[in-house]
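A short worksheet on the structure shown next.
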Amino acid sequence: MTELPKAYDPTQVEQRWYRAWIEQGYFHADAAAPKAPYTIVIPPPNVTGSLHMGHALFATLQDILVRWRRMQAYNAMWLPGTDHAGIATQMVVERTLQREEGKSRHDLGREEFLKRVWQWKEKNGGRIVEQLKVLGASCDWERARFTLDEGLSVAVREAFVRLHEEGLIYRARRLINWCSRCRTALSDLEVEHEDVTGSLWHIAYPVEGSDAMLTVATTRPETLLGDTAVAVHPEDDRFKHLIGGRARLPLTDRTVPIVGDAVLVDREFGTGAVKVTPGHDFNDFEVGVRHRLDMISVFDLTGRLNDNAPAAYRGLTVEEARAKVVADLEAKGLLVKVEPHQLALGRCQRCETVVEPTLSLQWFVKMQPLAEPAIEAVESGKTRFVPEMWTKTYMHWMRNIKDWCISRQLWWGHRIPAWYCGTCGEPTVARETPAACAHCGGTQLTQDEDVLDTWFSSSLWPFSTLGWPKETRELRTFYPTSVMETGYDILFFWVARMMMMGLHFMKKVPFRTVFLHAMVVDEKGEKMSKVKGNVIDPLDVVYGSTLDALVKKAEEGAAPKQAIANIKKQFPEGIPASGADALRFTLAALAAQGRNIRLALGRVEGYRHFANKLWNAARFALMNLEGFDADRFADEQAADGRELLSLADRWILSRLQRTAKEVDEALEAFKFNDAAQAIYRFVWSELCDWYIELAKPALQDKSEEGEAQSAPGAARLGGLGPQRRTAQGVLATSLETACRLLHPFMPFITEEIWQQIPKPLGAPQSIMITMFPTADPGLIDEAAEARLDEVQDIVTAMRNARMEYELGNDVPFRVLAANEEQRRLLDEDKALVQAMTRGSALQVVPASSEPQEGVVHVTPRRNSLALVFSGQADREALVAAIDKKLAKLDKERAQVGGKLANEAFMAKAPEEVVAENRRRLAECEERMEKLRASRATM
RNA sequence: AGGCACGUAGCUCAGUGGGAGAGCACUACCUUGACACGGUAGGGGUCGGCGGUUCAAUCCCGCCCGUGCCUACCA
């Protein structure tokens, strides 16, 4: 049997196994397999993307679910893919083009530019996929999809055409969010609001035909040039007489009507009068509709003032225009005052440019009819959210949903399947390029220049990836999917829209459960960003990185100086290589529901140590499994195995069953952290800390068959006696089962170890395709657990006494048993105590055999056993230690005694609780009595 | 403005209507044939504050303070 290296090195192990799994085709799910399906479709990351902790988190959690279900014999299918990310990708390629060739996309033309984007995608789009593989993601790569694939494009056209036919897609001239940097319309969701301190300008508008002034308050004085009314509250006594009149618009030669509008105007706010700019403000647009006002755009699509503005302002940017308007107003004495004001500024999600509400002809999806079934599906429980709190957020958004602007003035994406007639101008919407206009038969057709919002194709993802609109075997088998696992930040972007489209086109929910994970942030709770220099790259955690490399990477990413300084401060030693397993385990352990995940490298380190601990437990096991015959052990266990098991054996097997149950239940409830903790505790605190130590004597059993070969050197190998055989079997079983329980979390190390554990003939080739452990209730052994609990208590007390009183290892202990039954059991278990205390002499005596000589030391937990030892110890230290314990016990006695003396407690508390407190009180008193007796002897 | 989370050991986080936990850090001791990426023992917390419900509250309820996020048309 080859000996394993002393320390576990993940880099030597991980990628070897990943390749092996791929070669064996373990990740592939057959749509025709006669097994219950379990499907997850990946929330497709952007092709432009590079792996970040958010990806690492979803990859980990989804892989855990998929590996777990696969091991439970489900037909588990995890469909991967990437998203074409219209704006982001186009931006990246445009920037490169500008930098390398000094050209814009317009210089190249649409066709050539798209060719370049595809080239870029072919070259760089695979990066994130390769990075997911590093983490061990067991995706069905044969089914990988890209949102611009031919099949998905067919799905997009089909969906568009059908929705158009149903009147759910329409084209209209409306106010939309316009990014002048990206030169495209954006949906409401793509605008991010940021609270900033701006100004509130009070501007006087002269009232036509009078000397009066009507003062309005605005945060955007430059839009004044596009005003088409002034609104006051219809019941405001200050102003209502002006309604119906007109005001002269400063800096222009226009006059605008004064209207009464109770919806827009809040009498308490500002001056009580509002300038109305329907062409550049969503509220004002509504007022414009209500009062049939003119709608003027004064900005063009590049963010400059157009010909609708007075000549003096044309060509200025919005910022320049603001400065000039304010200056000109001041010069004319029309600027009444300026005060600081908080406002929410909308910025483009991609480029942070301030978005401009702009009148524009765009395509929209009518959302309300689609939202209704999506609301019903959640209300009726067809789809549920985990954590449940998201249900409310989802419902609120769905119930207040607005139409979705889906056209984008980009080139990279699904081109809108609408053709405009050169003769009549009407659009013809069709699946394939039409030969003639559907309205007038004209043949001069030009396709819409625009593409669809990337999220439109994403919304079809759960079924477009499975072959829709064709009725495929895959769709029948894998739709609806089992779980949508993603971050809560895209609840609306993805989840909500997938729900609507899934229900609309498939008539079934796209997923039964939506698990929304939290955001990964840094140790201080701040969002990771290159600007702050607090990014932790998952690959750096896996492979490790020096400080120099970290700094270099940040510099290449054009990070600011401060970020570099922060990196130096945060990672003075760089980042140690911890392996994918440790990273995955950390993310799972921190993935408690409903809060941000603050990734602390210290946690990763701790779990890297955990991997090493498991590794060394395996080393120990393998060193002691010489001569072990898994088949023989299995046969023995099947026959009269229970007879052969020692207390320690029965205990660890019992703990193992409980752990299996805990892990399984936790995963069912998406409590990844609970599952991780349960395995951690089992492996470290139970298997390593206790069982391995307890089993050591048995593994040395040299009786029977061992005797026969007592040649020199045989002792070192250990014997082959029945105790040893049994301990070997239990050790192997515990380790093997623990590996299977841990496999979804730490796939690599568990495979590496599992491969080397002797297994019965016919065992699977890989841990990946073994069965996930289920708890065997027959192996749960309450009695063994209670007895071992007592052993642990005594062991701990002995160690504690030795440390506390600085006793030597050879000081003999006596344990006082409360009754004959306890004395008998403890006498049996004495060897275990000795195994754990380096063979300390221990005698079990009846408590009644007092008076004892020596010092009494009570066990730390609750079974109130007392230990007696004699030997040299500092008398004063002993007395002080005893007094401290007495004080602590006295406090507890008073507390518990108080409860029991309380009539209300006795009358109303449940019987068990009362009994428990009685027991505690008695125990307290007993321990105090023993300590006092001990103190008295000094 | 509304909504949702969160506030527990020095740090990162679990947890529960009835005796406060883990990892890291800290202290002391230990190179024991699995593991110093280790072992043993230990120190450290008014469970954000104030009220309420309850026999009993860190946990349930209300208010307040602080932190974060989301939604929103107050110019």
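The chains referred to below are lettered A, B, ... by the order of the sequence lines, with proteins before strands, and numbering in each begins at 1.
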Quick one: R220(A) CZ to C74(B) P, roughly how many Å, whole number?
-> 14 Å

Assert: residue with more 5' nearest nucleotide on RNA chain B, out of W690(A) and F620(A), is F620(A)

Ignoring hydrogens and geometry, is there a side-chain-to-backbone donor-acceptor pair from N616(A) to K6(A) under 3.5 Å?
-> yes

Atom P, compared across G51(B) and C59(B): separation rounded to whole Å | 14 Å

Sugar-phosphate only, base, or nothing, as touched by F492(A) at under 4.0 Å among non-hydrogen atoms = sugar-phosphate

Establish, yes or no, whether a centroid distance under 6.0 Å links the rings of W390(A) and F385(A).
-> no

Looking for any heavy atom pair under 4.0 Å, which part of the strands does G579(A) touch: base, sugar-phosphate only, or nothing?
-> nothing

Counting any heavy atom closer than 4.0 Å, what does R838(A) reach on the DNA or RNA strands: base, sugar-phosphate only, or nothing?
-> base

Which stems does RNA chain B form, counting runs of 3 or more consecutive Watson-Crick or G-U wobble pairs with both distances under 3.5 Å?
-> B:1-7 with B:65-71, B:10-13 with B:21-24, B:26-30 with B:38-42, B:48-52 with B:60-64

Answer yes when D227(A) and K275(A) have at least one side-chain N-carboxylate O distance shorter than 4.0 Å, and no when they do not.
-> yes

Remember a base hit wins even if backbone is also touched, and classify A907(A) as base, sugar-phosphate or nothing at under 4.0 Å, heavy atoms.
-> nothing

Which is true for L491(A) with a 4.0 Å heavy-atom rule: it touches a base, it touches only sugar-phosphate, or it touches nothing?
-> nothing

Note: R220(A)-E356(A) ion pair, threshold 4.0 Å (strictly below) = yes

For T393(A), which contact category applies under a 4.0 Å heavy-atom criterion: base, sugar-phosphate, or nothing?
-> nothing

Do R799(A) and U40(B) have a side chain to base donor-acceptor pair shorter than 3.5 Å?
-> no

Going by an N to O cut-off under 4.0 Å, is there a salt bridge joining E912(A) and R919(A)?
-> no

N-O pairing of R927(A) and E923(A) below 4.0 Å = yes

For H193(A), answer base if it contacts any base atom (sugar-phosphate contacts may also be present), sugar-phosphate if it contacts only those atoms, and nothing otherwise; contact means non-hydrogen atoms under 4.0 Å.
-> nothing

Quick one: label E192(A) by what it contacts on the DNA or RNA (base, sugar-phosphate, nothing), any heavy atom closer than 4.0 Å.
-> nothing

Which whole number of Å gives the distance between the P atom of A72(B) and that of C64(B)?
-> 25 Å

Taking N673(A) for its side chain and L590(A) for its backbone only, find out whether a donor-acceptor pair lies under 3.5 Å.
-> no

For the pair made of CZ in F269(A) and P in C73(B), what is the distance, rounded to whole Å?
-> 15 Å

Could you please name the option among U71(B), C4(B), C73(B) that lies closest to any side-chain atom of N283(A)?
-> C73(B)

Whole Å only: how far is the CD atom of E892(A) from the P atom of G18(B)?
-> 16 Å

Give a yes/no on whether any side-chain N or O of K696(A) is located under 4.0 angstrom from OP1 or OP2 of A34(B).
-> yes

Which part of the nucleic acid, if any, lies within reach of F282(A) when heavy atoms closer than 4.0 Å are counted: base, sugar-phosphate only, or nothing?
-> nothing

Where do N or O atoms of nucleotides 36-38 of chain B meet protein N or O atoms at under 3.5 Å, pair by pair?
residue : atom : partner : partner atom : Å
C37(B)  : O4'  : H609(A) : NE2          : 2.8
C37(B)  : O2'  : N612(A) : ND2          : 2.9
G38(B)  : OP1  : H609(A) : ND1          : 3.2
G38(B)  : O3'  : K613(A) : NZ           : 3.0

Given C73(B), is OP1 or OP2 found less than 4.0 Å from the side-chain N or O atoms of K402(A)?
-> yes

Check: E190(A) side chain, S187(A) main-chain N or O, donor-acceptor pair, under 3.5 Å | yes

In whole Å, what is the span from the CG atom of D281(A) to the P atom of C73(B)?
-> 10 Å

How close or far is atom P of C70(B) from atom NE2 of H396(A), stated in whole angstroms?
-> 15 Å

Select base, sugar-phosphate, or nothing to describe what Q677(A) touches, counting heavy atoms under 4.0 Å on all strands.
-> sugar-phosphate

Exam field: side chain R584(A) to backbone F745(A), donor-acceptor pair closer than 3.5 Å | yes

Expected string for nucleotides 52-58 of chain B under the B/S/- scheme (protein heavy atoms, under 4.0 Å, primed atoms plus P, OP1, OP2 as sugar-phosphate) is ---B---

P spacing across the pair U67(B) / A41(B), given as an integer number of angstrom = 42 Å

Can you tell me, in whole Å, how much space there is between the P of U32(B) and that of G21(B)?
-> 32 Å

